[in-house]
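A quick write-up on the structure given underneath.
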Amino acid sequence: QVQLVESGGGLVQAGDSLRLSCDASGRTSSDYAMGWFRQCPGKGREFVAVISWGGITTYYADSVKGRFTISGDKDKITIYLQMNSLKPEDTAVYYCAVRIGRAVRFEDYEYDYWGQGTQVTVSS
């Protein structure tokens, strides 16, 4: 079992930056991926970014590419999401998730463990 706790959300203005953190506890295999998803009211969870420890590679949604950076510490099972140049459309609840295995996936149903989420609100 893996437990995930997100932190770092808040209310900011357009153009500002935020850094989200996700701390994991429990045990997992050596090959896993940790990712960030977000959900706006009335919509499904949307892929934002993922880091795969198997190959230490990263992937981003087109909507955040160049503005957001995912990083982390594999041994601590911790990841971060540095969000720069925030836009009102980035407003959402941001979730951290873990997928066990080597393959990188971008759909929320492919992930095995989820945090409770942290709210990010960007005002115009």
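This chain uses plain numbering: 1 for the first residue, then up along the sequence.
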Qualifying residues under side chain to side chain contact (heavy atoms under 4.5 Å, CB included), relative to K76, sequence neighbours excluded: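 With neighbours one apart ignored, the set is D73, T78.
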
All pairs passing ring-ring contact (aromatic ring centres under 6.0 Å, His included) where residues 58-79 contributes a residue, at least two apart: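 Matches after skipping sequence neighbours: Y59-F106.
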
Do [X] and [Y] sit in the same hydrophobic cluster, where Ile, Leu, Val, Met, Phe, Trp and Tyr count as joined when their side-chain heavy atoms come under 4.5 Å apart?
| X | Y | value |
| --- | --- | --- |
| V98 | V93 | no |
| I70 | L20 | yes |
| W36 | V5 | no |
| V50 | I79 | no |

Tell me the closest heavy-atom pair linking [X] and [Y], and the distance in Å.
| X | Y | answer |
| --- | --- | --- |
| G8 | L18 | O-CD2, 3.6 Å |
| A49 | L81 | CB-CD1, 4.3 Å |
| G26 | I77 | O-CD1, 4.2 Å |
| K74 | Y32 | O-OH, 3.2 Å |

Partners passing salt bridge (Lys or Arg N to Asp or Glu O under 4.0 Å) against D75 (at least two apart in sequence or in another chain):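 Per chain and number, D75 pairs via salt bridge (Lys or Arg N to Asp or Glu O under 4.0 Å) with no residue.
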
Give me the other members of the hydrophobic cluster that [X] sits in, counting Ile, Leu, Val, Met, Phe, Trp and Tyr linked by side-chain heavy atoms under 4.5 Å, directly or via other members.
| X | value |
| --- | --- |
| L11 | none |
| Y109 | none |
| Y80 | none |

Stepwise side chain to side chain contact (heavy atoms under 4.5 Å, CB included) check, S17 with M83: CA-CA 5 Å; S17 299; M83 305 185 293; over 6 Å; no

Check: W114 ring centroid to F37 ring centroid under 6.0 Å: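 Aromatic pair counts; centres sit under 6.0 Å.
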
Pairs of donor and acceptor atoms involving the side chains of residues 116-124, under 3.5 Å and at least two apart or interchain, shall be tabulated with distances.
{"unit_1": "T118", "atom_1": "OG1", "unit_2": "G9", "atom_2": "N", "d": "3.2"}
{"unit_1": "Q119", "atom_1": "NE2", "unit_2": "A92", "atom_2": "O", "d": "3.4"}
{"unit_1": "Q119", "atom_1": "NE2", "unit_2": "T121", "atom_2": "OG1", "d": "3.3"}
{"unit_1": "S123", "atom_1": "OG", "unit_2": "V12", "atom_2": "O", "d": "3.3"}

Side-chain heavy atoms of Y94 within contact of Q39, under 4.5 Å: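 Of all side-chain heavy-atom pairs linking Q39 with Y94, none is under 4.5 Å.
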
Contact check, side chains of Y113 and C96, non-hydrogen atoms, under 4.5 Å: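 No, their side chains stay 4.5 Å or more apart.
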
Nearest-0.5 Å distance that lies between atom OG in S85 and atom CG in D16: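 Result: 9.5 Å between the selected atoms.
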
State which residues pass side-chain hydrogen bond (donor to acceptor under 3.5 Å, both in side chains) with [X]; sequence neighbours excluded, sorted by chain then number.
| X | result |
| --- | --- |
| Q82 | N84 |
| Q3 | S25 |
| Y95 | none |
| E6 | none |

D112 side chain vs R99 backbone, donor-acceptor pair below 3.5 Å: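 No, D112 side chain to R99 backbone: no donor-acceptor pair under 3.5 Å.
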
Residue pairs involving residues 83-93 (criterion salt bridge (Lys or Arg N to Asp or Glu O under 4.0 Å); sequence neighbours excluded):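 The answer is R38-D90, R67-D90.
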
